[in-house]
Amino acid sequence: MSRSSSGSRAGVLVIGGGVIGLAVAWRAAQRGLRNVTVVDPCHGGGAAGVAAGMLAPVTELQYGEEPLLRLGTASNQRYGSFAAELTEASGGLDTGYRRCGTIAVALDSDDREELRELHAFHQRLGLESSWLTGREARRLEPMLAPGVRGGLHVADDHQVDPRRLLAALVAACERAGVLLHRAEAAELLVDGGRATGARLSTGDSLGADQVVLAAGPHSHRLPGLPEGVLPPVRPVKGQVLRLQVPDAYRPFLSRNVRAVVRGQHLYLVPRENGELVVGATTEEQGYDTTVTAGGVYELLRDAHELVPGITELPLRETSAGLRPGSPDNAPLLGPTSLPGLVAATGHYRNGVLLTPVTADLLADYLATGEVPDLAKPFTPTRFSPDVPTTKASA
Ligand code: GLY
């Protein structure tokens, strides 16, 4: 076994210190894997630092994504205990996990038709989702515009605060003995047809028994990664606004509000501390994270139609992040066709939601060498024609 030039060899080397990489590392260390190391120039960053943190497998359901629904529901069900355990493991850091439920509402009759179809789809799948008239929606959320045409209520779609979640994961990793190495992975090291570690931007090399690629939309661009091992993970930009609800206006909203506003999708996530997150654009234009006047305008325009009082609130922050989208928008979880290289990437719109289940499944695989059943539809080799597999979106 080669030794690293920057210290002892890692049992597990995680490339990427965002929400997924940190959670996998924490769980792997808890499973007794030795020398778990995460490399990232800035641990606790990535798309989750921008995300609103809606945990909404039911209201975000898309047609044809039933396997993703199963994964999302499994993760949502684990969230309460995951958050409580993380708070304890981090020395008391709260994650902002809040069991608030979600409504999805429509602004015009076409929007209402879209939500009626979603509701019918929920019913076919036996999901908890109840139809609301406009009046019932406004009774739940009095700040909604009088024109809201109805929608649906999903009591089990909740929220977490991704920035607090990241801070808790960093602390829990440190307390669990995970080495957080502040550097960029400059190259994947491959020897004898196996991933053996990474060369870092510092010039050091770090040897590892298993390498986990959790670098979000940068995953497939890692130099040294043999062609065809990972499909492209494309960046999908999302612009997000953060407003602050003054004490005198609270509760402004009591639960997550998703909406279809003349065909455009929007969500508002109100936190207990008064922060109100409004998101998000969906833009396929490479690795650009510029906040644009057009993006902010569209979000505010639609949010104002939905909740007119929003224009009274202080606007605290605008930001943009890059969702990591795989070719079928489902995550890549588990061993790749390169021995020693494991993927935990491509979570697209669901990185925060899928954090607990991804961490559990990956830690299981890293500790046992067996791919858990729940992860099987999401194998990274599903895009390789010569590898028999189950399609994630079949
Ligand atoms: N899951 C919310 C988003 O991707 O915007």
Side-chain angles (χ1 to χ4, degrees), residues 18-20 23 45-63 65 68-69 71-76 79 95-98 100-105 115 118 154 156-163 165-166 216-217 233-243 253 255-261 263-271 275-285 287-289 291-292 294-296 298-300 302-303 306 317-326 328-331 345-358 393:
V19 70
I20 296 291
V50 173
M54 231 178 346
L55 307 174
V58 176
T59 41
E60 278 203 68
L61 178 64
Q62 305 277 325
Y63 297 102
E65 292 190 345
L68 191 56
L69 170 71
L71 194 69
T73 304
S75 206
N76 204 21
Y79 236 103
T95 63
Y97 175 66
R98 187 177 167 207
C100 58
T102 297
I103 60 171
V105 293
L115 289 182
L118 179 63
V154 174
D156 285 331
D157 277 1
H158 303 305
Q159 65 166 274
V160 72
D161 183 336
R163 292 179 176 175
L165 180 69
L166 283 162
V233 180
R234 70 191 194 286
V236 184
K237 177 174 166 182
Q239 300 189 48
V240 166
L241 315 176
R242 283 178 158 79
L243 299 98
L253 295 173
R255 54 185 60 71
N256 302 332
V257 177
R258 298 181 61 85
V260 194
V261 179
Q264 298 297 317
H265 289 244
L266 181 80
Y267 50 80
L268 289 84
V269 178
R271 304 215 194 286
E275 183 178 76
L276 178 65
V277 187
V278 180
T281 64
T282 300
E283 303 164 65
E284 306 242 6
Q285 45 187 318
Y287 291 86
D288 166 54
T289 53
V291 174
T292 62
V296 173
E298 282 172 23
L299 291 171
L300 280 177
D302 294 345
L306 183 69
E317 187 188 315
T318 59
S319 50
L322 299 175
R323 307 174 183 94
S326 76
D328 61 5
N329 294 333
T345 188
H347 290 73
Y348 189 39
R349 292 184 170 277
N350 298 300
V352 175
L353 168 66
L354 296 178
T355 293
V357 80
T358 299
S393 54

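Both counts, for ligands and for their atoms, begin at 1 and track the order of listing.
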Just by modelled atom types, is the S319 backbone N or O under 3.5 Å from a matching donor or acceptor in the R242 side chain? no

Just checking, any donor-acceptor pair under 3.5 angstrom between side chains of Q159 and N256? yes

Counting N and O atoms only, with roles assigned by atom type, does the side chain of D157 sit under 3.5 Å from a partner on the main chain of T102, one being a donor and the other an acceptor? no

Please answer whether the main-chain N or O of K237 pairs with a side-chain N or O of R323 as donor and acceptor at a distance below 3.5 Å. yes

D328 vs Y348, test: side-chain contact (heavy atoms from CB on, under 4.5 Å). Steps then yes/no. CA-CA 10 Å; D328 61 5; Y348 189 39; over 6 Å; no

Near ligand 1, at a heavy-atom separation below 4.0 Å: residues by chain and residue number: E60, Y267, A280, R323, R349

In terms of side-chain heavy atoms, does Q239 have a donor or acceptor partner in E298 at a distance below 3.5 Å? no

